[in-house]
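It should be emphasised that the depicted structure is a prediction, and the values quoted were computed from it without experimental measurement.
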Amino acid sequence: MNSIVILSFVLLLTMFAAGGKSGIKSFFSLVSCCCVVFVTIILIAWNFPYLWITIISSLIILILVIYLRDADIKSANTAFLSSVIILVLLVLLVIPLEYVAQVQGFSSENSADLESMSLLIGFNFMNAAIAMTILSCLGAVAEATVSVAAGLSEVLSHDPSVSNEELYQDGMMIGKQIISTAFNTLFFGFFGGFLALFIWFIRLSYTFGEFLNNKIFVVEFLLTIISIIGVTLSIPAVIWLTMLERKKTSKK
C-alpha cells in the first residue's frame, strides 16, 4: 500500500512538471476514472443491470477523459461524439463475441487458488466479462479520438479554406500514426504483462493448440484486438464528424 501511495505521488509530481495545470487535470481525471470503475464493479456485483451500468459508466469515463483537458470545446465535442459512436459499435461487437468465445470466469490455472472457495455466488460471470471488455477498450478509443480531433482542429485553424479531400487525407495521415502507436502500446503491454505466463506455458510443455486456446491468453488477446478495432474505427468517425460540423458551420 505504501508503495502505491508513493508511486501515485511521484506520478502526480511528474505530470505536474510535464504538463502543469493540464497534467494536474489529467491526474485527477485518472483518479476519477478509477473511482468510477470501482463503483461499477460494486453495482454489477450487486446484480444491477450490467449492460446499462457499463454504458453509463463508459459515458462518464469518456466525459472525464475528454473534457478534463485543455482542448477547445469543438474538438472535445467531436472526440466525445466519435467515442460514443465507437462505444455503441463495440457493445454490438463484444456481446456476441464473448458468447462465442466462452472465456468468462476462471481458468484451470486458477483452480489451486479457488479450491477452498465456492463459485455458487449467484452471479453470471459472462456479464462481468462483457463489462470488462467494454471498459478496457475506452482508454485507447478516447485517446485516438482526442488526438485526431485536435489534429484536424489545428489544420482548420491554420487553413480554414482547406478542401474536404485534403482534410480527409490529413486526418488519415494522423490516424495512421495513431494506429501504429496504439498497436505497439497495446501489443507490448499485453506481451509484457504476460511474459511470466508465457514462460510458464513453455516450461510446462504446453502445445501450440493449448497455448492458443488457454482462457487467460484468449481473454487478453481479445481485449487487445478489440481495442485496436475500436481505435481503427474511431479515425474515420472523427473525420466524418469534423466534416459534418464544418458543413453546418459554413451554412450558418
Do [X] and [Y] touch side chain to side chain, with heavy atoms closer than 4.5 Å?
X: Cys33; Y: Val65; answer: yes
X: Leu43; Y: Val39; answer: yes
X: Cys137; Y: Ser227; answer: yes
X: Ile61; Y: Val37; answer: yes
X: Thr54; Y: Ile130; answer: no
X: Tyr67; Y: Asn77; answer: yes
X: Leu11; Y: Leu30; answer: yes

On a heavy-atom basis, which atom in [X] and which in [Y] lie closest, and how many Å separate them?
X: Ser82; Y: Leu241; result: OG-CD1, 3.1 Å
X: Ile86; Y: Ala237; result: CD1-CB, 4.3 Å
X: Ala131; Y: Ile44; result: CB-CD1, 3.7 Å
X: Ser147; Y: Ile178; result: CB-CD1, 3.4 Å
X: Met243; Y: Leu167; result: CG-CD2, 4.2 Å
X: Ala76; Y: Ile66; result: O-CG2, 3.5 Å

**OP:** From the options Thr78, Leu244, Leu152, select the one residue that forms a side-chain contact (heavy atoms from CB on, under 4.5 Å) with Ile239.
**Re:**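 Of Thr78, Leu244, Leu152, side-chain contact (heavy atoms from CB on, under 4.5 Å) with Ile239 is met by Leu152 alone.
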Subject >> Reference residue Thr232; test side-chain contact (heavy atoms from CB on, under 4.5 Å); the match among Ile228, Ile229, Ile235 >> reply: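 Of the listed residues Ile228, Ile229, Ile235, the side-chain contact (heavy atoms from CB on, under 4.5 Å) partner of Thr232 is Ile228.
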Do [X] and [Y] land in one hydrophobic cluster if side-chain heavy atoms of ILVMFWY residues count as linked below 4.5 Å?
X: Leu222; Y: Ile225; result: yes
X: Ile24; Y: Met15; result: yes
X: Trp46; Y: Phe38; result: yes
X: Leu135; Y: Ile42; result: yes
X: Val31; Y: Val36; result: no

Original post:
Any sub-3.5 Å donor-acceptor pair from Ser153's side-chain atoms to Ala149's backbone N or O?
Top reply: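 Not a single qualifying donor-acceptor pair exists.
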Got a second to check how far [X]'s [atom1] is from [Y]'s [atom2], nearest 0.5 Å?
X: Thr145; Y: Leu87; atom1: OG1; atom2: CG; answer: 11.5 Å
X: Leu97; Y: Leu92; atom1: CG; atom2: CG; answer: 12.5 Å
X: Ile56; Y: Thr40; atom1: CD1; atom2: OG1; answer: 9.5 Å
X: Leu12; Y: Phe27; atom1: CG; atom2: CZ; answer: 4.5 Å
X: Ser29; Y: Leu64; atom1: OG; atom2: CG; answer: 5.5 Å
X: Ser83; Y: Leu59; atom1: OG; atom2: CG; answer: 10.0 Å

**OP:** Would you check, one step at a time, whether the test side-chain contact (heavy atoms from CB on, under 4.5 Å) holds for Leu51 with Val91?
**Re:** CA-CA 9 Å; Leu51 188 57; Val91 170; 4.1 Å; yes
